Amino acid sequence: MCGIVGYVGRFSENREYFAEDVVLEGLRRLEYRGYDSAGLAVYFDGQLQWRKKAGKVAELEAEIAARPLPNSVLGIGHTRWATHGGPSDINSHPHVVAGGKLAVVHNGIIENFAELKSSMQDKGYHFVSDTDTEVAAAVLADLFEQTGELTLAMRKACQLFDGAFTLLAIHADQPDQIVAARRDSPLVIGLGEGENFLGSDVSGFIDYTKKAVEMDNDHIVTVTADEVVITDYDGNPQEGKRFDIEWDAAAAEKGGFASFMEKEIHDQPAAVRDTLMGRVDEKGNLAIDELRIEESLLKSIDKIIVIACGTAAYAGHVARYAIEHWCRIPTEVELAHEFRYRDPIVNEKTLVVALSQSGETMDTLMAVRHARQQGAKVIAICNTQGASIPREADAALYTHAGPEIAVASTKAFLAQITATYVLGLYLAQLRGNMFADEVEAILDDLRAMPEKVQTVIDGKETVTSLAKSMQDATSVLFLGRHVGFPVALEGALKLKEIAYLHAEGFAAGELKHGPIALVEEGQPVFVIVPSPRGRDSLHAKVVSNIQEVRARGAITIVIAEEGDEAVEAYANHIIRIPQAPTLMQPLLATVPLQIFACKVAEAKGYDVDQPRNLAKSVTVE
Ligand code: F6R
């Protein structure tokens with residue numbers, strides 16, 4: 001939540017770009033992290049100048065167009081998802097204190113802000129906003145007055161702060177540097193030639209450099225045009241971990257689509273293909289280089305717990321069916337925010353798989369820490385390099401979906417399923433549950449999926465016209481069994497979050513235990529039908545479920561594979577997907593549900609990429 005950008009370069013009048021350009025571009029790219037207000041501060045000629053505005057980055061741009069900023073090579077910016085204090089101009093960042101000399105932007109929550117605030121008030125400080133950030137800025141200004149040095153002041157300030165935070169500060173008396181600190185909130189450094197960058201993630205500076213440095217928790221960095229100096233809060237020198245950014249700037253553009261969500265739905269064949277790439281060694285065995293956990297340990301595990309939130313948790317539910325089937329290891333899926341509060345039974349024989357697109361979800365990060373404290377090994381399945389969760393896990397397996405900008409997750413979901421399947425097959429091979437040729441046959445099924453996903457996308461017109469015809473629905477139900485159940489949950493979540501439409505996903509078998517009472521004349525019900533070539537009884541039972549709701553007046557929208565004629569008599573609408581083995585079906589059946597939600601939201605005139613109240617990366621608990 002909240003996007004942060006910083007830029008420091010060397011001044012010359014004929015430069016191609018200035019701090020304002022870099023910071024605004026970074027804010028546009030990071031806007032998915034929060035979009036209720038935005039602001040930036042730059043240094044010029046002995047003083048700071050700043051603009052901030054409630055609303056999206058576009059409002060800030062309009063404000064800057066009306067009141068232009070000077071050409072500068074030092075700037076920080078922020079796009080906000082409000083925690084303390086509602087979205088307003090005054091609560092927007094940067095918070096500028098010390099008579100206009102010190103500007104601070106912040107992501108996270110300073111938990112002891114009330115106590116700090118009253119001690120600053122005792123010193124005569126008058127607060128103008130409702131934010132914890134202004135308190136942090138006031139404390140920093142006070143310490144700057146005592147020390148005369150921004151880095152030193154930041155070190156001391158961080159020792160006073162409780163909670164999670166990333167802070168960036170600039171001071172008019174030290175105009176060659178940005179000082180930044182982090183604890184449990186994201187921050188990455190971008191390395192340039194004669195210029196350096198800071199961002200909540202690499203998309204904050206992806207247009208300018210491909211070289212980046214990860215920074216650990218409880219570290220401070222002082223960034224000038226030529227130097228990056230990292231220390232801990234006591235001033236001891238620290239090393240960051242360098243990495244090359246794999247994403248390119250074009251991957252973070254809409255590429256001609258109306259929304260990022262639509263573009264990302266279209267990215268899905270590539271996301272699955274790229275996530276599968278490079279996983280097989282020259283002998284034809286599955287080999288996952290990133291998994292630096294001893295094989296003997298992986299052989300000895302007796303339980304897997306997948307921890308994740310939201311869409312990622314639904315990917316985990318899909319994975320559970322496959323992993324238990326292939327590896328015969330009991331597998332649980334747990335919402336990360338529930339995990340550590342129920343005192344889970346976790347020990348050295350437990351493998352925890354943390355699924356997270358952003359790699360920054362605080363609930364998941366905290367669950368990872370809890371699991372490791374209990375002795376479990378943790379594998380992170382993640383899409384974002386340099387993020388906290390893969391950094392703190394014992395091993396990381398990256399999905400290669402490219403940057404996911406739309407708040408509603410799409411391609412990350414398919415990539416997460418793909419990566420968990422690769423992990424499941426790897427474990428099955430390692431532990432001798434499957435023969436090499438069996439693993440290879442399933443890998444072949446997986447390799448065939450990108451083309452099939454493309455076929456579903458190519459058929460989007462049917463779903464689009466259905467969505468238009470249903471835009472006035474007030475409630476939509478989704479039913480599925482086996483792997484179709486988490487797909488139903490995901491279909492309902494997509495509709496809730498971007499079309500603001502009441503939607504529920506149910507296990508189809510649960511229907512008669514209560515939810516069927518919801519069905520009345522005209523109720524739209526999506527049903528995900530398993531392959532008739534899979535488990536016979538499963539298919540037959542779902543067909544009965546369609547009959548049951550249809551008999552009570554539901555409008556049935558049936559997702560069924562090509563050639564499945566049994567559904568025709570009971571379907572008001574049929575969406576066809578290519579034939580695929582049962583466990584592969586989620587990679588196909590989810591796609592029309594994503595398109596449906598996207599098109600209903602579009603038809604209702606909503607902002608598909610930035611739905612109300614949400615943010616992409618949930619870095620508070
Ligand atoms: C829904 C959605 C969220 C995320 C959840 C976890 O479309 O995007 O439910 O899946 O917040 O996020 P990550 O995967 O970044 O941990």
Side-chain angles (χ1 to χ4, degrees), residues 1-7 19-42 48-69 72 75-97 100 102-110 113 117 126-138 165-170 185-186 199-200 203-204 259-260 405-408 497-498 500 601 605-620:
M1 316 205 131
C2 301
I4 284 184
V5 194
Y7 174 76
E20 174 192 328
D21 306 304
V22 180
V23 172
L24 277 177
E25 186 56 40
L27 292 183
R28 281 190 286 267
R29 293 200 184 279
L30 290 174
E31 197 172 17
Y32 67 86
R33 301 179 68 90
Y35 33 83
D36 59 42
S37 45
L40 65 77
V42 297
L48 300 185
Q49 293 201 31
W50 60 97
R51 307 282 181 268
K52 51 189 202 166
K53 230 26 218 159
K56 298 198 172 178
V57 173
E59 310 280 338
L60 173 66
E61 290 174 280
E63 169 75 5
I64 294 173
R67 292 199 302 133
L69 285 165
S72 159
I76 56 175
H78 186 267
T79 175
R80 180 168 186 246
W81 186 87
T83 50
H84 283 73
S88 67
D89 289 357
I90 207 89
N91 286 338
S92 310
H93 302 208
H95 287 274
V96 183
V97 294
L102 174 67
V104 173
V105 294
H106 164 221
N107 174 23
I109 296 176
I110 308 285
F113 85 100
K117 187 172 187 173
H126 171 65
F127 288 92
V128 294
S129 78
D130 308 320
T131 64
D132 52 344
T133 309
E134 192 188 358
V135 177
F165 50 82
T166 302
L167 290 161
L168 261 61
I170 54 175
S185 229
S200 297
S203 38
S259 62
F260 277 111
I405 311 282
V407 164
E497 66 182 327
I498 58 168
Y500 317 148
Y606 296 150
D607 185 336
V608 171
D609 290 332
Q610 296 180 345
R612 68 186 179 203
N613 304 339
L614 292 171
K616 181 80 184 154
S617 179
V618 185
T619 53
V620 291

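If you're wondering where the values come from, they're calculated on a predicted model, not measured in any experiment.
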Qualifying residues under ring-ring contact (aromatic ring centres under 6.0 Å, His included), relative to His106, sequence neighbours excluded: none
Closest approach of [X] to [Y] (non-hydrogen atoms, all atoms of both residues):
{"X": "Pro611", "Y": "Val407", "value": "CD-CB, 3.7 Å"}
{"X": "Pro94", "Y": "Trp50", "value": "CG-CB, 4.2 Å"}
{"X": "Val135", "Y": "Lys117", "value": "CG1-N, 3.7 Å"}
{"X": "Thr131", "Y": "Ser129", "value": "OG1-OG, 2.8 Å"}
{"X": "Ser259", "Y": "Val608", "value": "OG-CG1, 4.0 Å"}
{"X": "Asn91", "Y": "Asp130", "value": "OD1-N, 3.0 Å"}

Sole candidate of Val23, Val42, Leu24 that passes side chain to side chain contact (heavy atoms under 4.5 Å, CB included) when paired with Leu69: Val42
Side chain to side chain contact (heavy atoms under 4.5 Å, CB included) between Asp609 and Ile405, intermediate numbers included: CA-CA 8 Å; Asp609 290 332; Ile405 311 282; over 6 Å; no
Full working for side chain to side chain contact (heavy atoms under 4.5 Å, CB included) between Tyr606 and Ile498: CA-CA 7 Å; Tyr606 296 150; Ile498 58 168; over 6 Å; no
Once you round to the nearest 0.5 Å, how far does [atom1] of [X] lie from [atom2] of [Y]?
{"X": "Phe127", "Y": "Phe113", "atom1": "CZ", "atom2": "CZ", "value": "10.0 Å"}
{"X": "Glu20", "Y": "Glu61", "atom1": "CD", "atom2": "CD", "value": "9.0 Å"}
{"X": "Ile4", "Y": "Thr166", "atom1": "CD1", "atom2": "OG1", "value": "5.0 Å"}
{"X": "Ile110", "Y": "Glu134", "atom1": "CD1", "atom2": "CD", "value": "13.0 Å"}
{"X": "Arg80", "Y": "Leu27", "atom1": "CZ", "atom2": "CG", "value": "14.5 Å"}
{"X": "Thr79", "Y": "Lys56", "atom1": "OG1", "atom2": "NZ", "value": "9.5 Å"}

Is there a donor-acceptor contact under 3.5 Å from the side chain of [X] to the main chain of [Y]?
{"X": "Asp36", "Y": "Pro87", "value": "no"}
{"X": "Trp81", "Y": "Asn613", "value": "yes"}
{"X": "Arg51", "Y": "Pro68", "value": "yes"}

In the structure I gave you, are the side-chain heavy atoms of [X] and [Y] within less than 4.5 Å of one another anywhere?
{"X": "Glu59", "Y": "Ser92", "result": "no"}
{"X": "Tyr7", "Y": "Val5", "result": "no"}
{"X": "Ser203", "Y": "Leu30", "result": "yes"}
{"X": "Thr133", "Y": "Val104", "result": "yes"}
{"X": "Asn107", "Y": "Pro186", "result": "yes"}
{"X": "Lys52", "Y": "Glu63", "result": "no"}

Check against salt bridge (Lys or Arg N to Asp or Glu O under 4.0 Å), Arg28 and Glu25: CA-CA 5 Å; Arg28 281 190 286 267; Glu25 186 56 40; 2.9 Å; yes
Leu614 vs Tyr35, side chain to side chain contact (heavy atoms under 4.5 Å, CB included): CA-CA, chis, key distance, verdict: CA-CA 9 Å; Leu614 292 171; Tyr35 33 83; 4.1 Å; yes
